[in-house]
Amino acid sequence: AIDVSEDAPDSLRPRPPVVTIMGHVDHGKTSLLDALRGTDVVRGEAGGITQHIGAYQVTLKDKSRITFLDTPGHEAFTQMRARGANVTDIVVLVVAADDGLMPQTIEAIHHTKAAGVPMIVAINKVDKYEANPQRVRERLLEHEVVVEEMGGDVQNVEVSALKKTGLDDLIEKIQLQAELLELSANPDRPGEGTVIEAKLDKGRGPVATVLVNRGTLRVGDVFVIGAESGKVRALVDDKGRQIKEAGPAMPVEVLGISGVPSAGDPIQVVENEARAREVAEYRQSVLTQKRTTTAPA
Ligand code: GDP
């Protein structure tokens with residue numbers, strides 16, 4: 001989770017949790033992400049257009065929101081963490097009830113524990129005849145993941161991403177976990193965030209999907225992003241809509257960048273373009289230096 005210690009306690013406002021889904025290949029990460037996306041009440045209003053920008057936010061019936069990182073695979077998680085970008089508040093570990101614990105399941109458990117992030121286990125594919133959720137709970141014990149039925153405090157839920165069962169239960173458990181974490185951020189300061197993914201778009205130029213960590217990012221803001229800089233030309237949300245501003249835990253595409261940054265890079269709004277270029281140039285020079293000093297003789 002993001003460190004908010006610099007902000008005065010009375011400036012902090014509740015913010016949505018940021019959730020990463022991990023698990024073994026083919027256990028249903030993508031299917032679950034798609035199914036959860038379908039629970040968004042705002043998505044219906046927008047006409048069901050989905051943009052894959054590396055993260056999305058669902059708005060629930062009670063108006064609360066959850067942000068999901070939509071980059072399946074553990075690499076993104078470890079890469080971001082290696083770069084000091086601890087954006088994930090909660091990990092949902094997907095385990096297929098027919099397949100049980102597999103190498104990447106165990107790897108995900110290790111990553112999650114190393115990151116000190118709370119975990120919720122989603123036992124998926126319970127619609128299958130071969131499904132054995134109890135066996136999954138037992139096997140988890142061997143890896144010191146003790147679910148509630150086994151006397152521990154790790155929440156678990158039986159789901160079927162295919163039949164879309166258990167999703168409300170999973171969402172409820174995410175909300176419960178988020179409440180325990182008392183997640184908050186100060187929205188009233190210059191925007192700061194983390195790059196989730198970035199690319200060079202044919203028509204739009206460099207585009208970065210940014211998760212706002214704190215403050216508010218607005219159209220027209222001047223910023224530094226990794227070793228690049230820019231001025232926000234447009235902000236596009238996960239429904240493809242142009243928006244004016246993005247607050248904490250909101251994923252948004254940022255246009256108007258000088259070049260393509262890397263996943264895990266920070267973005268910070270700064271006072272003016274001269275300052276933005278100065279910081280970006282300094283970071284460029286550090287990068288170049290690193291490259292030359294690590295190059296083989
Ligand atoms: P990922 O590799 O973890 O992202 O897994 P996918 O979401 O791509 O799913 C792998 C396969 O499992 C696909 O063929 C899905 O249709 C199937 N699958 C996913 N969830 C379920 C489920 O709840 N029940 C059943 N029967 N199949 C599922």
Side-chain angles (χ1 to χ4, degrees), residues 17-40 43 48-58 60 66-81 87-115 117-140 143 145 147 149 154-174 177 196-197 199 209 211 238 251 263:
V18 178
V19 177
T20 294
I21 298 193
M22 297 210 274
H24 195 72
V25 64
D26 280 346
H27 279 200
K29 294 180 295 294
T30 313
S31 307
L32 192 59
L33 278 162
D34 287 346
L36 287 165
R37 195 176 185 131
T39 64
D40 188 353
R43 180 176 166 265
I49 308 145
T50 54
Q51 298 277 113
H52 282 276
I53 66 168
Y56 66 84
Q57 202 171 56
V58 294
L60 306 166
I66 301 174
T67 302
F68 290 96
L69 295 190
D70 192 2
T71 45
H74 305 165
E75 217 163 291
F77 184 82
T78 36
Q79 232 172 43
M80 301 259 279
R81 238 172 61 73
V87 295
T88 300
D89 300 308
I90 297 167
V91 165
V92 169
L93 179 70
V94 180
V95 187
D98 55 341
D99 223 12
L101 267 65
M102 297 298 276
Q104 286 169 284
T105 319
I106 293 155
E107 195 186 291
I109 292 170
H110 291 155
H111 287 323
T112 307
K113 287 195 169 178
V117 175
M119 178 196 291
I120 298 169
V121 181
I123 305 177
N124 190 31
K125 307 199 186 185
V126 292
D127 60 282
K128 286 184 117 177
Y129 175 74
E130 310 83 5
N132 189 348
Q134 184 55 23
R135 171 103 186 105
V136 172
R137 285 188 278 267
E138 286 165 11
R139 286 285 322 278
L140 284 168
H143 299 277
V145 178
V147 299
E149 288 88 336
V154 176
Q155 303 191 85
N156 77 100
V157 50
E158 295 183 14
V159 299
S160 166
L162 189 74
K163 306 275 183 207
K164 299 186 169 54
T165 60
L167 299 179
D168 288 345
D169 198 10
L170 174 57
I171 285 170
E172 220 171 87
K173 289 189 154 78
I174 293 171
Q177 185 67 61
I196 304 300
E197 61 178 41
K199 63 181 177 194
T209 295
L211 182 72
D238 57 345

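Atoms within each ligand, like the ligands themselves, are counted from 1 in listed order.
When each of Leu93, Asn124, Asp99, Leu32 is paired with His27, the side-chain contact (heavy atoms from CB on, under 4.5 Å) condition holds for Asp99 and for no other. Residue Val95 forms a side-chain contact (heavy atoms from CB on, under 4.5 Å) with just one option from Asn156, Val145, Val121, and that option is Val121. Partner of Phe68 under the side-chain contact (heavy atoms from CB on, under 4.5 Å) criterion, out of Val18, Asp238, Ile174: Ile174 alone.
Looking at residues two or more places apart in sequence or on another chain, you find a salt bridge (Lys or Arg N to Asp or Glu O under 4.0 Å) between Lys173 and Asp169.
Distances between N or O atoms of Ala161 and those of ligand 1 include at least one value under 3.5 Å. At a 3.5 angstrom cut-off on N or O pairs, Val25 does not count as close to ligand 1. Residue contacts with ligand 1: Val159 is placed with no nitrogen or oxygen under 3.5 Å of a nitrogen or oxygen of the ligand (distance criterion only). Where the criterion is an N or O separation shorter than 3.5 Å, residue side chain and backbone included, Ser31 meets it with respect to ligand 1.
Although no hydrogens or angles enter the test, the distance criterion places no donor-acceptor pair under 3.5 Å between the side chain of Thr209 and the main chain of Ile196.
Each of the following atoms of ligand 1 lies closer than 4.0 Å to a heavy atom of Lys128: 26 (N).
At least one heavy atom of His24 sits closer than 4.0 Å to an atom of ligand 1.
At a heavy-atom cutoff of 4.0 Å, ligand 1 is contacted by both the backbone and the side chain of Asp26. Contact annotation for Asp127 and ligand 1: only side-chain heavy atoms (C-beta onward) come within less than 4.0 Å of the ligand.
A salt bridge is absent between Arg135 and Glu130: the closest approach of a Lys/Arg side-chain nitrogen to an acidic carboxylate oxygen does not fall below 4.0 angstrom.
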